[in-house]
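It should be emphasised that the depicted structure is a prediction, and the values quoted were computed from it without experimental measurement.
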Amino acid sequence: MRTNTKRAAFVLGTLALTASMIAGTGVMSASADSSDLKPVTLTFWTCGDQPAAQEEVMKAFCDKYRDQLNIDSIQFNYVSFGDYEDKMTSLVAGGDDFDAFFVADWMLYSKMANRGAFLELNDLMQEYAPDLWKTYEDNDVIAPCSIDGQLVALPWLKKKSSKPILLFRKDLADQYGVDYSKLDTIEDMDAFFEDAKSKIPDITIFESGFPRGNTQSDVLAILAVRDGLDMMNYHMLTNKYDTTLIPFEQTDTFRDAVTWMKKWYDDGIVSKNELSETDTQEFKNGKTFASVGLYESAVEEYDFNVSGAELGYAEPYADGKFRYDSPLNNALAINQNAANPERTLMLLNLLNTNEEAYDLFMYGIEGETYVLDDDGSVSYPEGQDSTNATYLNWFKWPFVRSQFEKPCGAETKEALDQISTWLSKGNLVTAPLTGFNPDTSSIKTELSQRDQLYDEEGKLLLAGVVSGDGVDAAVDKYIEDQKNVGLDTVLDYLQGEADSYGSAE
């Protein structure tokens, strides 16, 4: 039970960077002398596709920093977003000794926390990554990433919000005369989709998030903005930006999301095979006319894999409240059975203190995988771009450190400035339950049953697959089914934890 843990005053990006974040030489604690440690291979698991130069870059990195780290090689294993949860669940259940893996509040974190998959890091970090530990302390991000007072996930330090933004093919809308002048509400979106469906041939109109591995549908997120509900990404619970937990299925927001998705499912706006779709980049690959993404996707140089494609975007309920992302939004966890947790932490400490090491790890080999422009921006080398980059496009989010991050590729300085302005909007807020993730071992059976029932029934409803007597009957049945698998037990326990978490100072 986390009743004595101080809740973080979590406002990323507005906190001052400390001396521990200034570029240096990668100071390690005296007890972490690499000469005392045998050479090792670190094994990491993450999402996406492996870049062509990954092994070459990691070899160059290990060679350059052998004296500090004594790491022979760093092996990255990549899994598609859609298959990642199943793969990692299998590896953890089998007791694999890989070292670290990507987790997020929107993918895998809660499930792995309930399985005891994370190594507790408080003592290890203070010995093997003291500079990084101080950075976390100075930026108040330890509590949101802790369970029972123990840090279990290594957060990134970057301000971000996943408020849903509607992305669409402006080139197709212009070509076929689809009106996109007003996209402020869910009703506007419906008219837009129906218009596109009647005019644009041979394309699925809307993809609602599930093919990308989302736990909850993007339509539910849009309606949560409308209704002032917090998208906690925590066992399908929500709140009204307070600490009172509400099962999402019991809200009008959930019922409306099912209603709209059933309409679009029946009308052919969304694919009948959306839940089984394996392509996690349908919109990017030109298979869908519209999707939901992040603000940064909208204002950066969006890289379609389709010739002539042009991006349009809109922000439904632009003034609606939405949370800043938790530091768990993109994090790295060390496996409970990790073969080399100390060396992994030493690596992360170096990346937090040494800009040269950070640049090599994150951007690769200067002149080969990137070039550094006069203004400090990172660009593709001659002959490379977003479609054939050998390294710059890899999934590096869990390793981002704001003090060393540079404008890179689509993340131009202009785009970063625009994102910064958007993130300063008054309706983007720090949610009271940011980082809420208490020890749930006492309700693990009931919580597992709730999650399983969501996977089997709730997700189908949010995908628009409704049979029988219609939406109301189907949602009512789902509500009762959730009650029958121990919802009251889950809520009684978690509400007590939320009350304690919210009152902590």
Ring centres of Trp397 and Phe399 under 6.0 Å apart? no
Hey, do the aromatic rings of Phe102 and Phe81 have their centres closer than 6.0 Å? no
Ring geometry between Phe404 and Tyr358 (parallel below 30°, tilted from 30 to 60°, perpendicular above 60°): tilted
Test side-chain contact (heavy atoms from CB on, under 4.5 Å) applied to [X] - qualifying residues, sequence neighbours left out:
X      : result
Ser110 : Tyr234, His235, Asn437
Glu366 : Tyr370, Leu372
Asn329 : Asp105, Trp106, Trp156, Lys160, Ser162, Asp325
Ala53  : Glu56, Val57, Thr369, Thr390, Tyr391

Who pairs with Asp451 by salt bridge (charged side-chain N to carboxylate O under 4.0 Å, His left out), at least two apart in sequence or on another chain? none
Check salt bridge (charged side-chain N to carboxylate O under 4.0 Å, His left out) between Glu315 and all other residues, then give those that pass, not counting sequence neighbours. Lys163, Lys425
For residues 394-415, pull every pair meeting salt bridge (Lys or Arg N to Asp or Glu O under 4.0 Å), keeping only residues two or more places apart or in separate chains. Lys158-Glu405, Glu355-Lys406, Asp359-Lys406, Lys413-Asp417
By the salt bridge (Lys or Arg N to Asp or Glu O under 4.0 Å) test, which pairs, at least two apart or in different chains, include something from residues 277-300? Asp279-Lys287
Would you list the atom pairs, donor with acceptor, under 3.5 Å between side chains in residues 302-312 and any protein atom, with sequence neighbours excluded?
residue: Asp303; atom: OD1; partner: Ser386; partner atom: OG; Å: 3.2
residue: Asp303; atom: OD2; partner: Ser386; partner atom: OG; Å: 3.3
residue: Asn305; atom: ND2; partner: Asn285; partner atom: OD1; Å: 2.6

List in chain and number order the residues that pass ring pair (Phe, Tyr, Trp, His ring centres under 6.0 Å) with Tyr136, two or more places apart in sequence or in another chain; answer none if no residue qualifies. none
Applying side-chain hydrogen bond (donor to acceptor under 3.5 Å, both in side chains), name anything that partners Asn393, two or more places apart in sequence or on another chain. Tyr380
Across all chains, not counting sequence neighbours, the side-chain hydrogen bond (donor to acceptor under 3.5 Å, both in side chains) partners of Lys87 are none
